[in-house]
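Report on one structure; see the data block that follows.
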Amino acid sequence: MTNGIDEISGADFILAIGTNTTESHPIIGLQVKKALRKGAALAVADPRKTEVASLAQHHLQLKSGSDIALLNGLANVIINEDLYDREFVSGRTENFEALKESVAQYTPEYVQGITGVSAGVIREVARGYAGAKNGTILYTMGLTQHICGTHNVLAVANLAMLCGHIGKESSGVNPLRGQNNVQGACDMGALPNVFTGYQGVALDEARAKFAKAWDVAALAGEPGLTVGEMMDIAGKGVRGMYIMGENPVLSDPDGGHVVHALESLDFLVVQDIFLTETAALADVVLPAASFAEKDGTFTNSERRVQRVRKAVEPIGDAKADWEIIAGISTAMGYPMGYCSAEEIFDEIAALTPSYAGISYARLEEGGLQWPCPAPDHPGTTYLHKDKFVRGLGKFSPVEYIPPAEEPDQDYPLVLSTGRRHFHYHTGTMTQRTGALEEFYGEEYLEVNQNDAAKLDICDGDKVKVTSRRGSVKVQARVGDVVPEGMVFTSFHFPAVAINKLTNAQRDPVAKIPELKVCAVKVEKD
Amino acid sequence: MAEVSLTINGKQVAVTKGTTVLNAARQAGFSIPTFCDDPELSKVGACRMCVVEIPGMRNLPASCVTEAMDGMEVYTDSPAVVEARKTILELLLANHPLDCLTCGKNGECLLQDYCYQYGVGETIFTGERHTYDTEAENPFIVRDMNKCIVCGKCVRACAEIQGKNIVDFAYRGFDTKVTPAMDVPLSESECVFCGNCVAVCPTGALQEKVLRARARTWEVEKVKTTCPYCGTGCNFELNVKDGQVVGVTSCNGDVNGRALCVKGRFGYGFIHHPDRLTKPLIKKDGEFKEASWDEAIGLVADNLSRIKKDHGSGALAVLSSARCTNEENYLLQKLTRAVFGTNNIDHCARL
Ligand code: SF4
Ligand code: SF4
Ligand code: SF4
């Protein structure tokens, strides 16, 4: 996020794209509600009638996967009606002419044809956002899990820069992170192309720095494989895998393909707190400690580094993940003798400029938002204040492309997936709480009433959902939460392993799979 | 900012204009009891426990809704004030089940604290008592409206923190009750079970179901930590008894204040779930067998080393975790890059 979470309540126009904020990020949702109580306007772009959409002045029920058309349409109105921030555009950005040219064809009427959102609403939202003192854009996976996910994000950035709604308190571009430490995992270099703090593996000086710190002769400069690519060549190029705390069998698209990939490995080791669907395929399973049983830090969506504190001893013989990793390293001839998580954190801070000023001692006083380059630096609540990381912000024109798999005669409905309030991710934890699963014990498929009538499906009927890749059975919930032509469910329930159906087609840049759109058919079971 | 100067119990005090008498007194180090006041919620002046004596003012004003004025003279513990507070407590006790021995909030209850402080143990008032059934049919929250002192904090927390308006006052007079619309149980309302009402309730009327059944308030050790679920990063306190996490309570989180969602507040049961892995497992002939750490680590190291030797570093790949700590993610990429010799590391950030 470019802003802090509490700054959301200071916005006077919030554009929430593909985020059911109040359900997926309930406490961030409270900030949105707070802004509304203070008189802010809210526009929600989501095909579904979500809870947050019900709070909005404008609910843009756009067709799945048509976000770029919508965003370009908003930019079109803002430029044509001369509502953009000239000072910001001339002083802090470049490539404006190219953007202007590319969005010229996205007139509200043209965009209405693609998205299904009326031209009048597009104009109103464009005027509202451009005219706001503080405009904030929120988005999550609803925007990024498309083959054009990277372009979607660029289109959002274009819009924010056009109106100067970035680099200010309560004005910014705010992706909300789904998992507790996605931000931290990225910051720490658990990515194929960067070390900690986004220092590129391809940069000679970065490699030299880490090689020296780690006392190795050399480090590979070639970026590695992404998770999808690993699965594609498992058993061929990739022979051995080490998976820590992830459950790709349920969370990744085209689950059948993932199982096959992992089974074809020579050796698979999985480290987790439960025997997940992925761990069941392993040759060796290592029992890890849960968050309550270890020390460490998480970094949240607003880049705030916060302490995790050990409250109880690890269950049975389980060990903290860091202790297990160190053990394996030592057994492979590279001794790691860390005595505490703090010792590891100090090493991170020494190698990572944006974390350099953070220490456990300082975190005792409260969390710190990176960049925090020095021990006396207060941390950074919002980014891009006077300039962007690259200097001038560059407008990147992007074109709408339709989803990779559109409905057709055989598979006439669009399946979209997401999260539910009472559960989390693949359900490994929330299905075992003695409370959440008791209250919300069975997943269902949202079906529009008109489609249901055509398919002769009643509320509560068991239905079979089938895509070109697989099928699952699930109970139908008939209503108007989803528009005609769309069905929706979550991926929290192993019994409804919806990712057997989803499409592993990936965005060519960020390699994010298109989990939000695939074509399915639904039949009464 | 403009200041006003007043005397409280004879002590000269200067505060910013607009400060309530209650806050002025607290800033000056005098404690005043309150049931319905909360710094995060709107002021209603409903419980009247915070009354003070201000010569020249009619009756005893509620200090939480009285603005401190220049030259004001305030007495927070005069005989009249103490008498008024005792009467309020006696009236409350007259209609309160005195089952502190078995109440889960015993030791963390303002009614109990103030009765102790003001020496109110019995009540001269007799009369009708409520006989509501306890509502315990959802797995998260127990509601015992017999213990409700109608302070309205839960109503305001639901409306002003959670933005939901699930509970409100219903009926009138003696029958006044805090309840969802149509007096249905919470589970039949639109309640999202954030428990933010429970976190502000001063008595045992609203309780966390599991926590309060498993530990007396003074038996738990509280450890502040960060939520393991979504990327908001709420802080809360794990309540630990006999080496087990028995519940979660709010603390003053950087991001969330006292607010939590249902997952953070009530989703901790997985920690001690019987399905937890407790021993390393090695697959032999398609079946998992328990193993020692030495054996398991040795096997992992041997296999990974062998693959690296036979097929090169690029034949190894690692998935790190958006659920694990920074330290663990750092260490795993260090292992991957420095020891395995490859950049084949990723995690499910894209999912
Ligand atoms: S649990 Fe949350 S939503 Fe339900 S009544 Fe209490 S504050 Fe309102
Ligand atoms: S339930 Fe608790 S918070 Fe709500 S009015 Fe009664 S005593 Fe106050
Ligand atoms: S308490 Fe809820 S909103 Fe807060 S971090 Fe946990 S899951 Fe997210």
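Naming convention: chains lettered A, B, ... in sequence-line order (proteins, then strands); numbering from 1 in each chain. Because the structure is a prediction, the values reported are computed rather than measured.
Judged by distance alone, with hydrogens and angles left aside, the side-chain atoms of Asn344(B) form a donor-acceptor pair with the main-chain N or O of Leu225(A) at under 3.5 Å. Remark: the backbone N or O of Thr226(B) is not paired with any side-chain donor or acceptor of Arg309(A) at under 3.5 angstrom. Remark: the backbone N or O of Glu246(A) is not paired with any side-chain donor or acceptor of Ser321(B) at under 3.5 angstrom. Checked by atom type and distance alone, the side chain of Trp293(B) pairs as donor or acceptor with a backbone atom of Asp317(A) at under 3.5 Å. Counting only distance, with no hydrogens or angles, the side chain of Asp254(B) and the backbone of Gly367(A) share a donor-acceptor pair below 3.5 Å. At least one donor-acceptor pair under 3.5 Å links the side chain of Asn343(B) to the backbone N or O of Ala220(A). A side-chain donor-acceptor contact under 3.5 Å links Lys33(A) to the backbone of Gln162(B).
Both the backbone and the side chain of Ile324(A) have a heavy atom closer than 4.5 Å to some heavy atom of chain B. When heavy atoms are compared at a cutoff of 4.5 Å, Met230(A) approaches chain B solely by way of its side chain, counted from C-beta outward. Looking at Val194(A), only its backbone comes within 4.5 Å of chain B, counting heavy atoms on both sides.
Looking at every heavy atom in both residues, Leu286(A) comes nearest to Pro280(B) through CD2-CB, 4.5 Å. For the pair Thr225(B) and Val308(A), the tightest heavy-atom approach, listed with the atom from each and the gap, is OG1-CA, 3.3 Å. Closest heavy-atom contact between Gly184(A) and Asn326(B): CA-OD1, 3.1 Å. In plain terms, the two heavy atoms of Asn181(A) and Asn329(B) that are nearest each other are ND2-ND2, 4.0 Å. Heavy atoms only, all atoms of each residue included: Phe267(A) and Ile307(B) are closest at CB-CD1, 3.8 Å.
Remark: Arg337(B) is positioned above the aromatic ring of Phe195(A), its terminal NZ or CZ atom under 6.0 angstrom from the ring centre and at most 45 degrees off the axis.
Using a 4.5 Å heavy-atom cutoff, the side chains of Met244(A) and Leu319(B) are not in contact.
A tilted orientation is assigned to the rings of Phe340(B) and Tyr242(A), their planes being inclined by 30° to 60°.
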Inset, instruction - Check step by step if salt bridge (charged side-chain N to carboxylate O under 4.0 Å, His left out) holds for Asp275(B) and Arg432(A). - result: CA-CA 8 Å; Asp275(B) 286 355; Arg432(A) 292 184 176 92; 2.8 Å; yes
